[in-house]
Chemist: 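Sharing a structure here in structure tokens format.
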Amino acid sequence: MLTTSTATEIAYRVASKLNVPIEVLVTHYFPNGQIEVVPPKSNTHVDEVCLFQSFPDRVNDRLIELLLALQAVRILKPRHLTIVLPYLPYTRSDKPVSTGALLPFSAIAHLIEQPCMTRLVTAELHVPQLAVAFRCPVVEIDTMPMFAQYLRQSDLGSVVVVSPDLGGAKRAERLAAELHVPVAVMRKIRHGNVKESIEILGQVKGKCAVIVDDEVNSGESLISAAKLTLSAGATSAIAVAVHPLFTLEAIHRIEQSPLQHVLVSDSVPLTSVATNKIEVLSLTEILAEMLH
């Protein structure tokens, strides 16, 4: 098992669970912005390689790091290559920029894909259909059972799962099915770059609203949804977001918001969280079981 320096935490935990050796591919940064990924210490040919990479910041730099790491792995001449990207960037680029153009995500998929690549492992794609951009199988792990298990152990009372937009309704249905609770869906309007929830389709009055989304960045969408559910009679509001792509402003907004808790996974490592409202659940068990 190999990992870049950005994914060491989750890679080491998974390797420990599987009791397999792991090596960190060292990345050197040069003053002009270029980077270099040092090949593995051993050049012994192996049958299968599993490579971890994460995207906690500077996504484009991390993407280049991944491409160079994949080039470095070739020294091992693996017959099978599994790439583990718990968070896959550019999945929100799911619309062509002009008529007849390819999806921007297609270009990323073509860059990542390797001749010996057996499969790509990721979690919660913004649009599941984007998996067809890869010629190899894409294993999209389901994180909803993990969040459901945590929520079942919490004293939330009567619960309704809420999708903050129509596009996330199926995700909300998956979590609701795990919890055996009803679903509500919100309708949004956009003001410039900001989306605002304006209408709830479903009943939230007298219930704890669990608002679920694939990722959180600015936090504005989740907070807007929380305010709307509370104004519609919800007793409380918490959020589930798989990928914690927090900006610094988002942490402050969440701390000041009516959201009681925000549950996220460790698909993206958090360097610091200055609020006790955010709780991180690890994907270690899911990834280890799937890779095993």
Chemist: Out of curiosity, Met117 CE to Leu81 CG, how far, rounded to the nearest 0.5 Å?
Modeler: 7.0 Å
Chemist: Does the side chain of Leu259 come within less than 4.5 Å of Ile223's, by heavy atoms?
Modeler: yes
Chemist: Is the closest side-chain heavy-atom distance between Leu25 and Leu51 below 4.5 Å?
Modeler: yes
Chemist: For a side-chain contact (heavy atoms from CB on, under 4.5 Å) check, start with the C-alpha distance between Val121 and Met290, then their side-chain angles and the critical distance, and finish with the verdict.
Modeler: CA-CA 9 Å; Val121 179; Met290 189 281 304; 3.3 Å; yes
Chemist: Hey, are Glu36 and His28 close enough side-chain-wise for a donor-acceptor pair under 3.5 Å?
Modeler: yes
Chemist: Strictly below 4.0 Å, N to O, side chains only: are Lys17 and Glu285 in salt-bridge contact?
Modeler: yes
Chemist: Judged by atom type as modelled, is there a donor-acceptor pair below 3.5 Å linking the side chain of Ser231 to the main-chain atoms of Leu228?
Modeler: yes
Chemist: Can you confirm whether more than 12 heavy atoms, excluding those of Glu140, are under 6.0 Å from its CD atom?
Modeler: yes
Chemist: Does this structure show an ion pair linking Arg135 with Glu113, if we count only N-O contacts that are shorter than 4.0 Å?
Modeler: yes
Chemist: Starting from Leu130, can I reach Leu66 by hopping between I/L/V/M/F/W/Y residues whose side chains sit under 4.5 Å apart?
Modeler: yes
Chemist: Which heavy atom in Ala72 sits nearest to a heavy atom in Ile75, and how many Å separate them?
Modeler: O-CG2, 3.2 Å
Chemist: Less than 4.5 Å apart, side chain to side chain, heavy atoms only: is that true for Leu245 and Phe55?
Modeler: no
Chemist: State whether a side-chain donor-acceptor pair under 3.5 Å links Gln53 with Thr3.
Modeler: no
Chemist: Are Arg253 and Glu220 within salt-bridge range, i.e. N to O under 4.0 Å?
Modeler: yes
Chemist: Which donor-acceptor pairs under 3.5 Å do the side chains of residues 200-214 make with protein atoms, sequence neighbours left out?
Modeler:
unit_1	atom_1	unit_2	atom_2	d
Gln203	OE1	Lys205	N	2.9
Lys207	NZ	Ser158	OG	3.2
Asp214	OD1	Arg92	NH2	3.0
Asp214	OD2	His126	ND1	2.9

Chemist: Examine the side chains of Asp266 and Tyr87 and answer whether a donor and an acceptor come within less than 3.5 Å of each other.
Modeler: no
